[in-house]
Protein chains: 2
Amino acid sequence: MLIDNKNIANILKSKSLKVTPQRLLVLKAIINSKNHPTAENIITYVKKFNPNIGIGTIYKVLDTLVKNKIIQKVETYNDVMRYEFHTKNHHHIYFSDKDLLLDYYDNNLDSILNNYFKKKKIPKLNIESIKVHITGKQKLK
Amino acid sequence: MLIDNKNIANILKSKSLKVTPQRLLVLKAIINSKNHPTAENIITYVKKFNPNIGIGTIYKVLDTLVKNKIIQKVETYNDVMRYEFHTKNHHHIYFSDKDLLLDYYDNNLDSILNNYFKKKKIPKLNIESIKVHITGKQKLK
DNA sequence: TTGCATGCAAATCGTTTGCAACCCA
DNA sequence: TGGGTTGCAAACGATTTGCATGCAA
């Protein structure tokens with residue numbers, strides 16, 4: 001998918017959100033980011049192109065995007081929020097030695113898990129997503 | 001496992017940590033808690049038995065316990081820390097409609113995943129744990 | 001035009017820190 | 001006794017809030 005401002009504007013329009021330069025910038029920051037930017041990462045990126053943008057505005061935009069399911073919050077072990085573009089199901093690999101979180105796509109794994117939980121029903125739960133979180137350290141050699 | 005102060009003291013001693021009333025209380029709060037208490041939950045519990053304990057002390061005790069792998073931090077989607085007693089590998093079920101996080105034990109699932117990743121090596125990664133995170137909503141009927 | 005969005009600054013709140021007094025081993 | 005631990009209060013830092021102004025539709 002090629003990303004330009006028109007594409008991003010369409011994402012906003014599809015949710016009946018007003019298209020503003022601030023929202024375009026914030027959303028572009030997240031889409032262009034390789035790995036789960038923190039609010040601080042996003043602020044740094046956005047300020048390069050619009051130094052006058054308010055921090056509060058950025059947080060409000062992030063909140064709006066999350067509420068509209070355009071982006072989502074990522075679970076973390078420390079206390080800063082990370083965000084990612086809302087995309088198809090994927091898993092996470094966490095390098096604990098580096099506090100680095102990578103996406104991991106594996107259709108094969110997805111179907112194994114889906115089949116497993118299709119058979120093994122969990123009482124009173126409608127499953128919406130099944131994600132695997134792998135923790136490890138970098139192999140040195 | 002029956003838990004009394006002697007058991008908890010032994011956990012601390014096994015890590016060569018000094019046994020103090022504050023540490024006993026904090027650790028007891030976590031062990032007795034059914035589901036992943038926040039620091040605030042722990043503070044409330046502990047203050048019932050020792051109103052004079054300092055908030056800073058509680059955070060320092062939590063930090064010490066995490067560093068000694070007696071407890072661990074739990075990944076969350078909001079910005080408060082949650083803790084759990086360090087125990088054998090388990091998975092999490094998250095009820096998004098209630099912000100409720102439950103433990104899920106499944107040896108069968110564990111071996112499926114371990115076998116899968118034993119075959120499918122991930123480059124440059126020494127896996128330490130594989131956890132499944134299931135998100136869903138409560139089934140209404 | 002009009003209501004939603006922005007910029008700004010103050011406020012909030014969970015967590016951390018520094019240090020003197022304390023107390024477990 | 002001595003070094004790790006505690007209590008306290010101030011500091012910190014990420015995020016939120018309120019409000020006047022601005023701007024997209």
Side-chain angles (χ1 to χ4, degrees), chain A residues 5-6 8-27 29-30 36-47 49-68 70-71 73-83 99, chain B residues 5-6 8-27 29-30 36-47 49-68 70-71 73-83 99:
Chain A
N5 277 352
K6 196 155 286 181
I8 299 178
N10 284 334
I11 295 172
L12 294 170
K13 281 180 193 159
S14 74
K15 304 280 182 173
S16 310
L17 293 173
K18 281 187 185 169
V19 177
T20 67
Q22 291 87 346
R23 286 178 173 171
L24 289 175
L25 261 178
V26 169
L27 190 45
I30 296 164
H36 312 100
T38 59
E40 197 195 347
N41 298 149
I42 295 165
I43 291 166
T44 303
Y45 177 96
V46 166
K47 285 246 179 205
F49 300 97
N50 176 359
N52 294 322
I53 194 170
I55 305 290
T57 300
I58 294 176
Y59 280 103
K60 281 171 192 161
V61 169
L62 288 171
D63 188 55
T64 303
L65 296 178
V66 169
K67 288 220 172 78
N68 284 276
I70 294 172
I71 65 173
K73 292 186 175 183
V74 179
E75 61 206 7
T76 65
Y77 287 100
N78 30 29
D79 57 358
V80 294
M81 285 291 98
R82 289 177 177 269
Y83 300 86
D99 192 32
Chain B
N5 277 354
K6 196 155 287 183
I8 298 178
N10 284 334
I11 294 171
L12 293 170
K13 283 178 194 159
S14 74
K15 304 280 182 174
S16 311
L17 292 173
K18 282 187 184 167
V19 177
T20 66
Q22 292 85 346
R23 285 178 173 169
L24 289 176
L25 262 177
V26 169
L27 190 44
I30 295 164
H36 312 99
T38 59
E40 197 195 349
N41 298 149
I42 295 164
I43 291 166
T44 304
Y45 177 96
V46 166
K47 285 246 180 202
F49 301 96
N50 177 359
N52 294 323
I53 194 171
I55 305 290
T57 300
I58 295 176
Y59 279 103
K60 280 172 193 161
V61 169
L62 288 171
D63 189 53
T64 303
L65 296 178
V66 168
K67 287 219 172 79
N68 284 277
I70 295 173
I71 64 173
K73 292 187 175 183
V74 179
E75 61 206 7
T76 65
Y77 288 101
N78 29 28
D79 57 359
V80 295
M81 286 290 97
R82 289 176 177 272
Y83 300 87
D99 192 32

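In what follows, every chain begins at residue 1, and chains take the letters A, B, ... in the order their sequences are listed.
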>> Distance check needed: dC13(C) P versus Met81(B) CE, whole Å only.
In response: 18 Å
>> Just to verify, what does Asn10(A) make a side chain to side chain contact (heavy atoms under 4.5 Å, CB included) with, not counting sequence neighbours?
In response: Lys6(A), Lys13(A)
> How would you list, by chain and number, every residue that makes a ring pair (Phe, Tyr, Trp, His ring centres under 6.0 Å) with Tyr45(A), sequence neighbours excluded?
Replying inline: Phe49(A)
> Between atom CG in Leu24(B) and atom P in dT5(D), what is the gap in whole Å?
Replying inline: 13 Å
>> Would you compute the distance between atom CG of Leu27(A) and atom CG of Leu12(A) and round it to the nearest 0.5 angstrom?
In response: 6.0 Å
>> Taking side-chain hydrogen bond (donor to acceptor under 3.5 Å, both in side chains) as the definition, give me every residue that meets it alongside Thr44(A), ordered by chain and number, with sequence neighbours left out.
In response: none
>> Without decimals, in angstroms, what is the distance between Lys73(A) NZ and dA14(D) P?
In response: 15 Å
>> Strictly under 4.0 angstrom, non-hydrogen atoms only: write out the protein contact profile of nucleotides 1-11 of chain C, one letter per nucleotide from the 5' end, B, S or -.
In response: --BBSSBB---
>> Based on the rotation axes of five pairs at each end, what angle does the helix from dT1(C)-dA25(D) to dA25(C)-dT1(D) bend through, to 10°?
In response: 50°
> Expressed in angstrom and rounded to an integer, what is the separation of Lys47(B) atom NZ from dC8(D) atom C1'?
Replying inline: 10 Å
> Tell me, which of residues 37-44 of chain B have any heavy atom that sits under 4.0 Å from an atom in DNA chain C?
Replying inline: Ala39(B)
>> Output the rounded distance in Å from CG (Asn5(B)) to P (dC24(C)).
In response: 14 Å
>> Expressed as a whole number of angstroms, how long is the span from Leu25(B):CG to dG7(D):P?
In response: 10 Å
>> Restricting to ring pair (Phe, Tyr, Trp, His ring centres under 6.0 Å), what partner residues turn up for Tyr83(B), sequence neighbours left out?
In response: none
>> I need the full list of salt bridge (charged side-chain N to carboxylate O under 4.0 Å, His left out) pairs touching residues 50-60 of chain B, with sequence neighbours left out, sorted by first then second residue.
In response: none
> Sequence neighbours excluded, which residues qualify as side-chain hydrogen bond (donor to acceptor under 3.5 Å, both in side chains) partners of Asn5(A)?
Replying inline: Lys28(A)
Show me the protein contacts with nucleotides 20-22 of chain C, counting only N or O atoms at under 3.5 Å.
none

> Between atom CG in Asp63(B) and atom P in dT16(C), what is the gap in whole Å?
Replying inline: 7 Å
>> Enumerate the side chain to side chain donor-acceptor pair (under 3.5 Å) contacts for residues 14-24 of chain A, please, sequence neighbours excluded, ordered by first and then second residue.
In response: none
>> Using the side-chain hydrogen bond (donor to acceptor under 3.5 Å, both in side chains) criterion, which residues pair with Asp63(B)? Sequence neighbours excluded.
In response: Lys67(B)
